[in-house]
Amino acid sequence: MISLDRALEQLLAQATPVAQTEVVATMEALGRVLAEPVVSSVAVPPLANSEMDGYAVRCADVPAVPARLPVSQRIQAGQVGASLAAGSAARIFTGAPIPPGCDAIVPQEATQQQDGAVLVLSIPVPGQWIRPAGMDIAAGARVMERGARLRPPHLGLAASVGVTRLTVYRRLRVAVLFTGDELVMPGEPLAPGQIYNSNRFLLSGLLRAVGCEVVDLGIVPDRLDATRSALARAADAVAADLVLSCGGVSVGEADHVRAAVQAEGAIDLWQVAIKPGKPLAFGHVRGVPFIGLPGNPVSGLVTFSILARPFILKRQGAVDLAPRAIPMRADFEIAQGGLRREFLRVRVTGQGTLEAFPVQNAAVLTSAAWADGLADIAAGSKVVRGDIVPYLPFSELFG
């Protein structure tokens with residue numbers, strides 16, 4: 001076994017980003033990876049504007065309060081007012097451009113209306129409640145860099161500078177296959193000894209959440225020839241960027257993935273010192289990168305999230321690969337540290353601590369549905385209640 005850090009280093013060293021790009025509508029770019037920086041051609045906001053509903057004034061006209069000023073104009077958002085005459089005020093609304101000559105906004109809460117005039121009840125200071133032009137973005141500024149994964153705020157940011165189309169890297173095509181004679185699909189009758197193929201739904205969902213094009217090759221029988229045939233199809237006929245298998249990577253007599261990959265390519269990495277998820281394989285099939293995930297569903301979820309996901313993100317052109325861990329207080333105990341780095345299914349309590357699912361077996365998928373993240377426990381570490389441990393929320397790992 002090798003350490004998780006070493007395994008991740010090996011995977012990322014061989015994760016070459018795809019070169020092809022495409023142009024998509026900004027509205028359709030959610031989750032894609034930006035291939036070219038976005039430079040703003042406009043200032044945001046383009047004009048100084050009011051932060052409040054109230055009155056635009058000259059501070060020199062309000063040396064003391066109360067001060068009565070005639071209202072000379074009304075300015076709504078989307079309108080440009082006339083120059084503010086000395087000794088007057090302009091009724092103004094949030095987002096409306098500041099009229100020339102105005103140097104402060106008095107909120108309407110600090111005023112009283114009086115028959116075509118306004119009574120100002122607080123002394124304004126220059127610049128109050130005024131958003132200057134370019135406060136958010138200056139014209140010519142780079143607002144997004146190449147390699148950014150586009151979240152909803154990015155799409156709004158692009159729209160705010162008038163960008164209707166974005167250049168992104170093409171989606172990574174991932175061929176995924178599932179080994180096991182015991183597997184059947186939901187909706188089919190279960191014969192004795194058979195189980196429903198939950199991994200097909202779990203891993204396909206994880207791949208789509210990270211922005212991949214999924215080519216599902218289905219269930220492969222537990223035979224070496226069938227496994228080799230499926231791998232060859234994934235590499236050649238499907239023209240995948242990555243081949244991902246689930247199951248069959250352990251050392252049992254019915255586990256043929258390792259031998260099949262070696263026959264069609266090579267295994268570069270085998271077994272990682274993590275729990276769950278030790279039997280992970282990495283290599284290539286006919287020149288196409290290959291990752292073999294263990295068949296236990298939680299093992300597959302953990303190894304995908306911690307190892308396969310960063311590899312996929314880098315191949316998609318993303319720059320930010322590592323999930324952000326949050327230091328949190330444990331409300332659980334580990335009496336004896338294990339030999340492998342362990343990822344416990346946990347969730348945040350109402351008191352802001354982490355509680356662990358009572359059964360951490362790799363086959364118990366309910367633990368992942370119950371949890372909202374993973375606690376990252378170093379090999380050999382004991383944990384007592386109150387210890388601070390790294391917490392990886394699923395929001396950092398899914399998508």
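Computed from a prediction, not measured in an experiment: that's the story for all the values here.
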Handout entry: L8 side chain near F311 side chain, heavy-atom distance below 4.5 Å
Key = no
Exercise for the section: From the options V174, V288, V261, V215, select the one residue that forms a side chain to side chain contact (heavy atoms under 4.5 Å, CB included) with V243. Expected result: V288
Exercise for the section: Return yes if some donor-acceptor pair links the side-chain N/O of D331 with the main-chain N/O of R385 below 3.5 Å, else return no. Expected result: no
Exercise for the section: Would you mind reporting whether D222 and E182 have side-chain heavy atoms less than 4.5 Å apart? Expected result: yes
Practice task
Kindly work out whether a path of hydrophobic side-chain contacts (I/L/V/M/F/W/Y, heavy atoms less than 4.5 Å apart) joins L30 to L157.
Solution key: yes
Problem - 4.5 Å side-chain heavy-atom contact, M135 and P45 - result: yes
Exercise for the section: Give a yes or no on whether the backbone of V302 and the side-chain of S305 come within a donor-acceptor separation of less than 3.5 Å. Expected result: no
Exercise for the section: Using a 4.5 Å cut-off on heavy atoms from C-beta on, say whether the side chain of S88 contacts that of V71. Expected result: no
Practice task
Mind checking the CG-CZ spacing from L269 to F282? Nearest 0.5 Å is all I need.
Solution key: 7.5 Å
Problem - Short side-chain to backbone donor-acceptor contact, R315 and D241, under 3.5 Å - result: yes
Handout entry: Check: K314 side chain, L12 main-chain N or O, donor-acceptor pair, under 3.5 Å
Key = yes
Practice task
Kindly give the heavy-atom pair with the smallest separation between C59 and D103, and that separation in Å.
Solution key: N-OD1, 2.8 Å
Handout entry: Interatomic distance, L84 atom CG to Y55 atom OH [nearest 0.5 angstrom]
Key = 13.5 Å
Practice task
Just do the side-chain contact (heavy atoms from CB on, under 4.5 Å) check on L4 and L307 with the steps written out, would you?
Solution key: CA-CA 8 Å; L4 173 59; L307 286 159; 3.6 Å; yes
Practice task
Would you check if the side chain of N197 reaches a backbone N or O of R200 as a donor-acceptor pair within less than 3.5 Å?
Solution key: yes
Exercise for the section: Identify the heavy atoms of A35 and R146 that sit nearest to each other, and give their distance. Expected result: O-CD, 3.1 Å
Practice task
Answer yes or no: is there a side-chain heavy-atom contact under 4.5 Å between M1 and V272?
Solution key: no
Exercise for the section: Test the R32-Y169 pair against the cation-pi criterion, namely NZ or CZ under 6.0 angstrom from the six-membered ring centroid and within 45° of the ring axis. Expected result: no
Exercise for the section: May I ask you to test the F178-L203 pair for a side-chain heavy-atom distance under 4.5 Å? Expected result: yes
Handout entry: Residues R329, D387: salt bridge by 4.0 Å N-O rule
Key = no
Exercise for the section: Please test I130 against E51 for side-chain contact (heavy atoms from CB on, under 4.5 Å), starting from the C-alpha separation and ending with a verdict. Expected result: CA-CA 6 Å; I130 293 176; E51 288 193 62; over 6 Å; no
Exercise for the section: Measure the OH-CD distance between Y196 and E188 for me, rounded to the nearest 0.5 Å. Expected result: 8.5 Å
Exercise for the section: Kindly indicate, with the supporting measurements, whether the criterion side-chain contact (heavy atoms from CB on, under 4.5 Å) is fulfilled by L397 and I306. Expected result: CA-CA 8 Å; L397 300 174; I306 303 300; 4.3 Å; yes
Handout entry: Validation row: R58, D61 side chains within 4.5 angstrom (heavy atoms)
Key = yes
Handout entry: SB check D320 R149 (cutoff 4.0 Å)
Key = no
Exercise for the section: Spell out, yes or no, whether V57 and F93 are grouped together once hydrophobic residues are joined by side-chain heavy atoms under 4.5 Å, including indirect joins. Expected result: no
Exercise for the section: For atom CD of E213, decide whether the heavy atoms of other residues, nucleotides or ligands shown that lie under 6.0 angstrom number more than 12. Expected result: yes
Exercise for the section: Please name the pair of heavy atoms, one in V62 and one in S122, separated by the smallest distance, quoted to 0.1 Å. Expected result: CG1-O, 4.3 Å
Practice task
Go through the steps for R340 and K278 under the test side-chain contact (heavy atoms from CB on, under 4.5 Å), then give the verdict.
Solution key: CA-CA 9 Å; R340 293 178 278 162; K278 179 179 73 170; 3.3 Å; yes
Problem - Verify same cluster id: V257, L11 (apolar side-chain graph, 4.5 Å) - result: no
Practice task
Compare all side-chain heavy atoms of I377 with those of F343 and state whether any distance is below 4.5 angstrom.
Solution key: no
Problem - Heavy-atom donor-acceptor pair, S83 side chain to G101 backbone, under 3.5 Å - result: no
Practice task
Apply side-chain hydrogen bond (donor to acceptor under 3.5 Å, both in side chains) to Q73 and R91, showing your working.
Solution key: CA-CA 6 Å; Q73 58 183 309; R91 180 70 166 118; over 6 Å; no
Practice task
Ignoring hydrogens and angles, tell me if any N or O in the side chain of S72 forms a donor-acceptor pair with the backbone of A89 under 3.5 Å.
Solution key: yes
Exercise for the section: Verify the cluster assignment for V168 and L172: are they in a single hydrophobic cluster under the rule of side-chain heavy atoms below 4.5 Å apart? Expected result: no
Handout entry: Heavy atoms from other residues, nucleotides or ligands near CE of M185 exceed 12 (cutoff 6.0 Å)
Key = yes
Problem - Donor-acceptor under 3.5 Å (D268 side chain, G283 main chain) - result: no
Fill in the blank from the handout: Distance col, row Q336:CD vs K382:NZ, nearest 0.5 angstrom, shows 5.5 Å
Practice task
Please report the shortest heavy-atom distance between Q194 and D181, naming the atom on each side.
Solution key: NE2-O, 4.2 Å
Practice task
With rounding to the nearest 0.5 Å, note down the distance linking CZ in R171 to CZ in R208.
Solution key: 10.5 Å
Handout entry: Connected via hydrophobic side-chain network under 4.5 Å: V176 and L217
Key = no
Exercise for the section: Scan side-chain atoms only and decide if Q360 and R345 contain a donor-acceptor pair under the 3.5 Å cut-off. Expected result: yes
Exercise for the section: For A133 and P46, work out which heavy atoms get closest and say how close. Expected result: CB-O, 3.8 Å
Problem - Ion pair check, R170 and E22, cut-off under 4.0 Å - result: no
Fill in the blank from the handout: Smallest heavy-atom separation, Y391 atom then M328 atom, equals CD2-SD, 3.4 Å
Practice task
Could you tell me whether a side-chain N or O of T303 sits under 3.5 Å from a main-chain N or O of S299, the two making a donor and an acceptor?
Solution key: yes
Fill in the blank from the handout: Rounding to 0.5 Å, atoms NE2 (H256) and CG (L231) come to a distance of 12.5 Å
Practice task
Give a yes or no answer on whether the side chain of R131 reaches the backbone of S50 with a donor-acceptor pair at less than 3.5 Å.
Solution key: yes
